[in-house]
Q: 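Below are the structure tokens for one structure; questions will follow.
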Amino acid sequence: MELENQIAVSEFLLLGLSEKPEHQIFLFGLFLPMYLVTIFGNLLTILAIITDSHLHTPMYFFLHNLSFIDIFFSSTTVPKMLVNLWTQSKAIPLEGCPAQMYAFHLFGTMDSFLLAVMAIDRFVAIVHPLHYLAIMSPRVCGLLVVGSWLITNLQSIVHTSLMAQLTFCAGSEIPHFFCDLMPLLKLSCSDTHTNELVIFAFGIIMGIGPLTCIFPSSICIFWAVFKTPSAQGKWKAFSTCGSHLTVVTLFYGTIFAVYLQPVSPTSSQKDKAAALMCGVVIPMLNPFIYSLRNKNMKAALRKLVSNIVRSQS
């Protein structure tokens, strides 16, 4: 091994989305507005749900949690990326890398679990409407969210703990815009066999788990809607779950489109595209998707904005 690769790494260099200097300002101008829209859009959604008593139902309780997660999910990577783009610096401290990795996998997996929980909620609302409030009681809703937090935290803690035991001495350049698991493993000069097995195991569990809730629920919802005799009833049912199905399609469609393809020389670029879509674009779109097709949300947002304007005048 070369001498330079025997020296322990003290910091990592995030190569980002492009190494060309002329692209840096363009990327900064692109992602700063997107991040601001993500923060303000999700904050407005949270405030609208909190301040409107008509939205104090299980569906909006889960939407409130999803907006909260989306703020932190986007904030895990975008602010650091914006700082690096603006300052032309690529460095991230050795201690900052595991922290960013922990947060990204925590909030990213939590996003997936919440989509699964929301699918269960929509299934109960459409297939068992008369028993909806009894089944989706506040206690059940709370347990679903707390259980999701515990499972996703466990995954992130295990990944981060195993990563902390590795020695990095095979270079410091990460071909990504944030610290992710696989790029970090490639820089380690330790035995990463255990890490790879754990990543594979958690990938199967955390991937199949939510999907076993989402797919059967979606099939049952479509079947229940199909059996609805009136066109008005069909439209009402679809409008109830249409927004959620749109978000699920975007989220998992991106993952399937990228990770079900064979490994190729452009795989790192596909990984970046998937991370941008799931961690930047979808959190920005969620407030619009869930609000524009929901008259209750639109009414609550109008009421909230008018109250804010009145308080400022």
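These numbers were taken from a predicted model, which means no experiment stands behind them.
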Q: Determine the interplanar angle of the Phe168 and Phe12 rings, folded into 0 to 90°, and report it as parallel if under 30°, tilted if 30 to 60°, perpendicular if over 60°.
A: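 Phe168 and Phe12: perpendicular rings.
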Q: Do side-chain atoms of Gln155 reach the backbone of Leu106 as a donor and acceptor pair under 3.5 angstrom?
A: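 The answer is no, because no donor-acceptor pair under 3.5 Å joins these two groups.
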Q: Indicate the atoms forming the closest heavy-atom contact of Ser67 with Ile46, along with that distance.
A: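 Distance-wise, the nearest heavy atoms are CB-CG1, 3.7 Å.
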Q: Side chains of Met297 and Ile49, heavy atoms from C-beta outward: is any pair under 4.5 Å?
A: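 A side-chain contact exists here, since the closest heavy-atom pair is under 4.5 Å.
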Q: Roughly how far apart are Leu301 CG and Asn296 CG, rounded to 0.5 Å?
A: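 Rounded to the nearest 0.5 Å, the CG-CG separation comes to 11.0 Å.
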Q: Do Trp86 and Val83 belong to the same hydrophobic cluster, where Ile, Leu, Val, Met, Phe, Trp and Tyr are linked whenever their side-chain heavy atoms lie under 4.5 Å apart, directly or via other members?
A: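 Hydrophobic grouping puts Trp86 apart from Val83.
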Q: Keeping the roles fixed (side chain from Ser188, backbone from Leu184), state whether a donor-acceptor pair exists under 3.5 Å.
A: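 Between the backbone of Leu184 and the side chain of Ser188 there is no qualifying donor-acceptor contact (under 3.5 Å).
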Q: Report all side-chain donor-acceptor pairs from residues 202-225 shorter than 3.5 Å, counting only partners two or more places apart or in another chain.
A:
| from | atom 1 | to | atom 2 | distance (Å) |
| --- | --- | --- | --- | --- |
| Thr212 | OG1 | Ile208 | O | 3.3 |
| Thr212 | OG1 | Gly209 | O | 2.5 |
| Ser217 | OG | Cys213 | O | 2.5 |
| Ser218 | OG | Ile214 | O | 2.8 |

Q: Examine the side chains of His54 and Asp52 and answer whether a donor and an acceptor come within less than 3.5 Å of each other.
A: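 A donor-acceptor contact under 3.5 Å links the two side chains.
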Q: Is any side-chain heavy atom of Leu44 closer than 4.5 Å to one of Ser291?
A: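 When only atoms from C-beta onward are counted, Leu44 and Ser291 do not touch, as no gap falls below 4.5 Å.
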Q: Going through the distances and angles, do Phe178 and Thr76 end up as a side chain to side chain contact (heavy atoms under 4.5 Å, CB included)?
A: CA-CA 9 Å; Phe178 74 100; Thr76 299; over 6 Å; no
Q: Any chain of hydrophobic side-chain contacts (each under 4.5 Å) joining Ile92 to Met182?
A: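 Yes, because Ile92 and Met182 connect within a single hydrophobic cluster, where side-chain heavy atoms sit under 4.5 Å apart.
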Q: Within the side chain of Lys272, is there an N or O that forms a donor-acceptor pair under 3.5 Å with the backbone of Gly16?
A: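 Answer holds: yes.
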Q: So do the side chains of Met284 and Tyr35 get within less than 4.5 Å of each other, counting heavy atoms only?
A: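 No, every pair of side-chain atoms sits at 4.5 Å or beyond.
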Q: About how many Å separate OG of Ser148 and CG of Asn153, when rounded to the nearest 0.5 Å?
A: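 Reported to 0.5 Å precision, the distance equals 11.0 Å.
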Q: If we ignore hydrogens and angles and just use 3.5 Å, is the side chain of Ser74 paired with the main-chain N or O of Asp70 as donor and acceptor?
A: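 Absent.
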Q: Which pair of non-hydrogen atoms, one from Pro33 and one from Phe28, has the smallest distance, and what is that distance?
A: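 Smallest interatomic distance, heavy atoms only, reads CD-O, 4.2 Å.
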Q: Would you kindly confirm whether Phe113 and Phe73 end up in one hydrophobic cluster when ILVMFWY residues are joined by side chain heavy atoms under 4.5 Å apart?
A: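 Looking at the clustering, Phe73 is in a separate group from Phe113.
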Q: Is there side-chain contact between Met277 and Leu250, with at least one heavy-atom pair below 4.5 Å?
A: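 Contact flag for Met277/Leu250 side chains = yes.
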Q: Just by distance, with hydrogens left out, do Ser112 and Tyr252 show a side-chain donor and acceptor under 3.5 Å apart?
A: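 On atom types as modelled, these side chains qualify, holding a pair under 3.5 Å.
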Q: For the pair Ser75 and Ile39, evaluate side chain to side chain contact (heavy atoms under 4.5 Å, CB included) and give the outcome as yes or no after the intermediate values.
A: CA-CA 9 Å; Ser75 298; Ile39 298 301; 3.8 Å; yes
Q: First locate atom CG of Asp271, then atom CZ of Phe177, and finally report the distance between them rounded to the nearest 0.5 Å.
A: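 Asp271 CG to Phe177 CZ: 10.0 Å, rounded to 0.5 Å.
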Q: Return the OG1 to NZ distance between Thr192 and Lys186, rounded to the nearest 0.5 Å.
A: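 Thr192 atom OG1 to Lys186 atom NZ measures 11.0 Å (nearest 0.5 Å).
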Q: Is any side-chain heavy atom of Leu82 closer than 4.5 Å to one of Phe31?
A: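 In contact.
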Q: CD1/Ile282 to CD1/Ile289 distance, rounded to the nearest 0.5 angstrom?
A: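 Here the rounded value is 7.5 Å.
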Q: Under a plain distance cut-off of 3.5 Å, with no hydrogens placed, do His159 and Asn195 share a side-chain donor-acceptor pair?
A: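 There is no such pair between these side chains.
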Q: For Ala91 versus Glu11, what's the shortest heavy-atom pair and its separation?
A: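 Result for this residue pair: CB-OE1, 3.7 Å.
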Q: Would Met101 and Leu15 show up in the same hydrophobic cluster when neighbours are defined by side-chain heavy atoms closer than 4.5 Å?
A: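 In one cluster: no.
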Q: When you measure from the side chain of Asn307 to the backbone of Lys303, do you find a donor-acceptor pair of N or O atoms at a distance under 3.5 Å?
A: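 Yes; at least one donor-acceptor contact below 3.5 Å.
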Q: Ignoring hydrogens and angles, tell me if any N or O in the side chain of Thr152 forms a donor-acceptor pair with the backbone of Trp149 under 3.5 Å.
A: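 Judged by distance alone, yes, a pair lies under 3.5 Å.
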Q: Between Phe61 and Met136, is there a side-chain heavy-atom distance shorter than 4.5 Å?
A: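 With C-beta onward as the side chain, the pair stays apart.
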Q: Please name the pair of heavy atoms, one in Thr167 and one in Ser190, separated by the smallest distance, quoted to 0.1 Å.
A: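 Minimum heavy-atom contact is N-OG, 2.8 Å.
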Q: Could you report the tightest heavy-atom contact between Gln100 and Thr77, atom names first, then the distance?
A: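 Closest approach of Gln100 to Thr77, heavy atoms only: NE2-CA, 3.9 Å.
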Q: Any chance you could measure Thr57, atom OG1, to Leu55, atom CG, to the nearest 0.5 Å?
A: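 So the gap between those two atoms works out to 6.5 Å.
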Q: Any donor and acceptor pair, going by atom type alone, linking the side chain of Asn286 with main-chain N or O of Asn42 inside 3.5 Å?
A: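 Flag not set: sc Asn286 to bb Asn42 has no pair under 3.5 Å.
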Q: So, do Tyr102 and Ile157 sit near enough that their side-chain heavy atoms are less than 4.5 Å apart?
A: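 Contact flag for Tyr102/Ile157 side chains = yes.
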Q: Verify side chain to side chain contact (heavy atoms under 4.5 Å, CB included) between Leu181 and Met163, making sure each step is shown before the conclusion.
A: CA-CA 8 Å; Leu181 277 168; Met163 190 67 68; 3.5 Å; yes
Q: Start with the C-alpha distance between Ile71 and Thr38, add both sets of side-chain angles, then the distance that settles side chain to side chain contact (heavy atoms under 4.5 Å, CB included), and finish with yes or no.
A: CA-CA 7 Å; Ile71 290 174; Thr38 301; 5.6 Å; no
Q: Quick one: closest heavy-atom pair of Phe251 and Cys278, and the distance?
A: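 Closest approach of Phe251 to Cys278: O-SG, 4.1 Å.
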Q: Within a strict 4.5 Å, meaning less than it, do heavy atoms of the Asn84 and Leu14 side chains meet?
A: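 Yes, at least one pair of side-chain atoms sits under 4.5 Å.
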Q: Do Val37 and Phe40 sit in the same hydrophobic cluster, where Ile, Leu, Val, Met, Phe, Trp and Tyr count as joined when their side-chain heavy atoms come under 4.5 Å apart?
A: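 Shared cluster, yes.
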Q: Is it the case that the side chain of His56 and the backbone of Ile50 share a donor-acceptor pair, with hydrogens and angles ignored and the cut-off at 3.5 Å?
A: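 Yes.
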Q: If the condition is side chain to side chain donor-acceptor pair (under 3.5 Å), which residues does Tyr132 pass it with, not counting sequence neighbours?
A: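 Once residues adjacent in sequence are excluded, the partners of Tyr132 under the side chain to side chain donor-acceptor pair (under 3.5 Å) criterion are Asp121, Arg122.
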